[in-house]
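Since the structure comes first, as structure tokens, the remarks are kept for the end.
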Amino acid sequence: MNIFGLFERRVGEAVARLAADGRIPDGIDTGRVLVEPPRDPSHGDLATNAAMAIAKGARTNPRALAEWLAADLRTDPRITDAAVAGPGFINLRIAPHVLHDVIRAALLDPAGYGRSGQGGGASVNVEYVSANPTGPMHVGHGRGAVFGDALANLLAFSGFSVTREYYVNDAGAQVDVLARSAFLRYREALGEEIGAIPDGLYPGDYLVPVGRGLADQYGAALRDRPETEWLPLVRAAAITEMMALIRDDLSSLDIRHEVFFSERSLKDGPVDEIGRTIDAMRDRGLVYEGRLPPPKGQLPEDWEDREQTLFRATEFGDDVDRPLLKSDGSYTYFAADIAYHRSKIERGFATLIDVWGADHGGYVKRMGAAVSAVSGGAATLDVKLCQLVRLLRGGEPVKMSKRSGSFVTLREVVDEVGPDPVRFMMLFRKYDAPLDFDLAKVREQSKDNPVFYVQYAHARVASVFRQAAETAPGRALDRPSLAAADLSALVDPSEIELALRIAQFPRLVEAAAAAHEPHRLAFYLYDLSSLFHALWNKGKDLPQLRFVKQDDESSTRARLALLGALRGVLASGLAILGVSAPEEMR
RNA sequence: GACUGCGUAGCUCAACCGGAUAGAGCGUUGCGCUUCGAACGCAAAGGUUGGGGGUUCGAGUCCCUCCGCGGUCGCCA
């Protein structure tokens, strides 16, 4: 249950009654009416901007409107007070039983609390990672991987039908370079001395096993054949191995895609999907032969002014029209990418989310233009650009990696600190802000480490339940029993504040899902944990606030009910982020 | 030069389709804590939200402009 939505509807009814009474005009737009937590808890439990939001349409001053609405709201048994404040806010105090209902709902259905029908089952495609299959994943890939995965979880939790997809760039020049690099390792495996890896080839030793595999499979048969003959074979083998490597890296973070979509299949499949896409666009007048103005700033050395096949991207908000064919007549990467996104649309997705690295920023407009063009405006594309990750150890930048040849691999980091800190810290920052990831800090078991702080809150709740069971062996601690407790024993402001924060969970999930911003959930869990730890600490000085009290079974049960609700929200939130919720931490 | 993201406390960052007195953590300062639930607690100081202008009842948030930092800049992927 979402009390914010509940009271938003209630406020809407109050507005409708004002209209029915003739005090304001009919049909006023209430789309901007919000019920939200007040900035200052002393103002009330909930606040609404309704009077200010409709004042213009009602042609009445906000204060007067607020008084009318407040009078109506005061008649509701769920509302104990409605006060007008400031420019026209209405601050609401809700009856204790409303909050008790929230606690019971969260307690009785921990996995369902916060879920919503927001998505209405709509199909959403989240494309993330899509790292080139030329080597192991590095830390930068890891951020997009975790972000995309948490976002997919969040959307699924919010009632969307989500497909997690990986676009395998198995068609460009890079995979040919991969093939040549693997071929070198193949010759090495046959006993040849290859010396230093030449510039332009991938030096990483992760290709050594690929070379060995080729030697096992083909013996010396490929060695003296021309490149045109061995390259497709070696390339296919190497890509298969690299994708296995990447899937393994991803599984170390518990990330699994449902669809791996091959770029090569667009061109080499039964039909040339890229050609088909271009033809379809041409039929609609979106493709023409023309010249492009030279790029501003430094001119590329090999710039030649020539006529080429262009997509009218400018008609869809891009800065210039974009080429679909290279000078040798082959398709550009962009042309393939249009065909790929068109395939997503043809597969029934109206909402496309792409998670890219910051270096692809210049690509966003043209892809958005392409999606508008090929879908006729029916599909939307939201591109999330994840900023760079700076890897630190004790404040000092970490560089290089022997294994990969040039970068720190994701796997090295996961192996060192574990998947939970990697996932949580990658999400404990807005995606469009650069991220510092400190290998030393994320392993600290102290309140300064957010991962530990949140997980420890969950473990601490579990510990209270263990203690509750030990101190009174006959005590019924199952959820239905606790839900039957008299919750009116919860009176301390700290307890109420915690309950109110739990009540915000559904609203927060909804907003985070709508904005495609899973980091909000990470911050919420941190705040929630902070309230709980504070309450715990208060019990140290004030024994009457302890959760388990030998001499007061009824307040013990009420508090355990609250903690049971808290435990569910923590577990549920952490599950969306893909972080474990430990029962104990040792 | 163009496009794009960012600019919030000394530092690292939040701020929910524009809402009230811009919030946390670290650091600083002060007080507390004889393992009872301290893998610490409480409190304080700290801000012209990069500068300027505009829209609005109301702007960190939207628009314009300038400054600074990063990214990208026909056919690479």
Side-chain angles (χ1 to χ4, degrees), chain A residues 4 31-32 34 36-40 43 47-49 52-53 55-56 61-63 85-89 91 130 132 134 169 171-175 263 291-300 302-306 308-310 318-337 357-365 385 387-388 428-430 432-436 438 444-450 452-453 456 460 463-464 467 504 507-508 510-512 514-515 517 519-520 522-524 526-527 530 533-534 536-541 543 546-548 585-586:
Chain A
F4 295 89
R32 290 183 54 235
L34 292 174
E36 53 194 351
R39 193 173 285 277
D40 185 340
H43 289 153
T48 179
N49 66 349
M52 293 175 292
K56 191 169 254 178
N61 88 68
R63 294 280 314 196
F89 285 99
N91 291 317
S130 298
N132 291 331
T134 54
N169 296 134
Q174 288 179 92
V175 285
E263 177 189 355
R291 291 171 191 279
L292 230 41
K296 305 282 203 256
Q298 198 178 359
L299 208 59
D302 58 347
W303 169 263
E304 78 179 286
D305 187 25
R306 64 177 181 86
Q308 51 190 341
T309 303
L310 299 168
D318 201 358
D319 306 311
V320 290
D321 292 336
R322 303 290 177 177
L324 297 173
L325 298 179
K326 299 183 200 171
S327 54
D328 66 359
S330 63
Y331 300 124
T332 60
Y333 180 83
F334 181 50
D337 220 356
D359 55 339
H360 288 65
Y363 205 72
V364 175
K365 272 194 185 178
L385 288 182
Q387 289 294 322
L388 302 176
F428 199 59
R429 181 107 326 164
K430 216 164 32 177
D432 58 6
L435 172 78
D436 286 350
D438 196 310
E444 265 177 36
Q445 300 223 330
S446 78
K447 70 179 181 65
D448 300 339
N449 177 1
F452 170 79
Y453 194 71
Y456 185 48
R460 224 173 198 180
S463 143
V464 172
Q467 196 197 343
Q504 288 169 17
R507 179 174 187 274
L508 182 115
E510 197 175 315
E517 293 186 349
H519 78 272
R520 293 190 198 182
F523 281 97
Y524 167 82
Y526 182 80
D527 285 342
S530 168
H533 287 306
W536 173 292
N537 285 316
K538 270 179 92 172
K540 178 175 61 72
D541 293 331
R546 296 189 177 188
F547 301 118
V548 178
M585 301 190 78
R586 302 231 176 252

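Letters go in sequence order (proteins before strands), and every chain restarts at 1.
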Exercise for review: Show your reasoning for whether side chain to side chain contact (heavy atoms under 4.5 Å, CB included) applies to A:Y456 and A:K447.
Suggested key: CA-CA 9 Å; A:Y456 185 48; A:K447 70 179 181 65; over 6 Å; no
With sugar-phosphate meaning primed atoms plus P, OP1 and OP2, does [X] contact a base, only sugar-phosphate, or nothing at under 4.0 Å between heavy atoms?
| X | answer |
| --- | --- |
| A:G361 | nothing |
| A:A512 | nothing |
| A:E444 | nothing |
| A:L508 | nothing |
| A:N49 | base |
| A:Y363 | base |
| A:R429 | sugar-phosphate |

Distance between [atom1] atoms of [N] and [M] (Å, rounded):
| N | M | atom1 | result |
| --- | --- | --- | --- |
| B:rG1 | B:rG18 | C1' | 34 Å |
| B:rG10 | B:rG47 | P | 7 Å |
| B:rA59 | B:rA39 | C1' | 43 Å |
| B:rU21 | B:rA38 | P | 39 Å |
| B:rU56 | B:rC64 | C1' | 16 Å |
| B:rA9 | B:rA14 | P | 12 Å |
| B:rU8 | B:rA22 | C1' | 8 Å |
| B:rU29 | B:rA45 | C1' | 7 Å |

Atom-pair distance ([atom1] on [X]; [atom2] on [N]), nearest Å:
| X | N | atom1 | atom2 | answer |
| --- | --- | --- | --- | --- |
| A:L385 | B:rG71 | CG | P | 14 Å |
| A:R322 | B:rG74 | CZ | P | 9 Å |
| A:R32 | B:rG19 | CZ | P | 10 Å |
| A:L34 | B:rG18 | CG | C1' | 10 Å |
| A:Y453 | B:rA14 | OH | C1' | 15 Å |
| A:D319 | B:rG71 | CG | C1' | 15 Å |
| A:F334 | B:rC76 | CZ | C1' | 15 Å |

Check your understanding: What is the minimum heavy-atom distance between A:R63 and A:A85, and which atoms define it?
Key -> NH1-C, 3.8 Å
So does [X] get a side-chain nitrogen or oxygen closer than 4.0 Å to the phosphate oxygens (OP1/OP2) of [N]?
| X | N | answer |
| --- | --- | --- |
| A:H519 | B:rA15 | yes |
| A:K538 | B:rC42 | no |
| A:K326 | B:rA77 | yes |

Nearest to the side chain of [X] - [options]?
| X | options | value |
| --- | --- | --- |
| A:K56 | B:rC75, B:rC16, B:rC57 | B:rC57 |
| A:Y526 | B:rA24, B:rA14, B:rC16 | B:rA24 |
| A:Y333 | B:rA20, B:rC76, B:rG74 | B:rC76 |

Check your understanding: Using 30° and 60° as the class limits, which term best fits the ring planes of A:F334 and A:Y363: parallel, tilted or perpendicular?
Key -> perpendicular
Practice item. Working to the nearest 0.5 Å, report the span between CG of A:D432 and NE2 of A:H519. Key: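 The CG atom of A:D432 sits 8.0 Å away from the NE2 atom of A:H519.
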Practice item. Indicate, yes or no, whether a donor-acceptor pair under 3.5 Å links the base of B:rA14 to the side chain of A:D527. Key: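 No, no donor-acceptor pair under 3.5 Å.
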Check your understanding: If you take atom types as modelled and just measure distance, does the side chain of A:R507 reach the base of B:rC16 with a donor-acceptor pair under 3.5 Å?
Key ->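 In this structure, the two groups form a donor-acceptor pair.
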Practice item. Starting at the 5' end of nucleotides 33-40 of chain B, put B wherever the base has a protein heavy atom under 4.0 Å, S where only the sugar-phosphate does, and a dash everywhere else. Key: ----BBBS
Point to revise | Of A:A433 and A:P323, the one whose closest RNA chain B nucleotide lies more 5' | key: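 Nearest-nucleotide comparison on RNA chain B picks A:A433.
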Review point. Across all strands shown, which nucleotide pairs with B:rC42 by Watson-Crick or G-U wobble geometry, both distances under 3.5 Å?
Key: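 Paired with B:rG30.
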Check your understanding: Whom does B:rC16 pair with, Watson-Crick or G-U wobble, provided both distances fall under 3.5 Å?
Key -> none
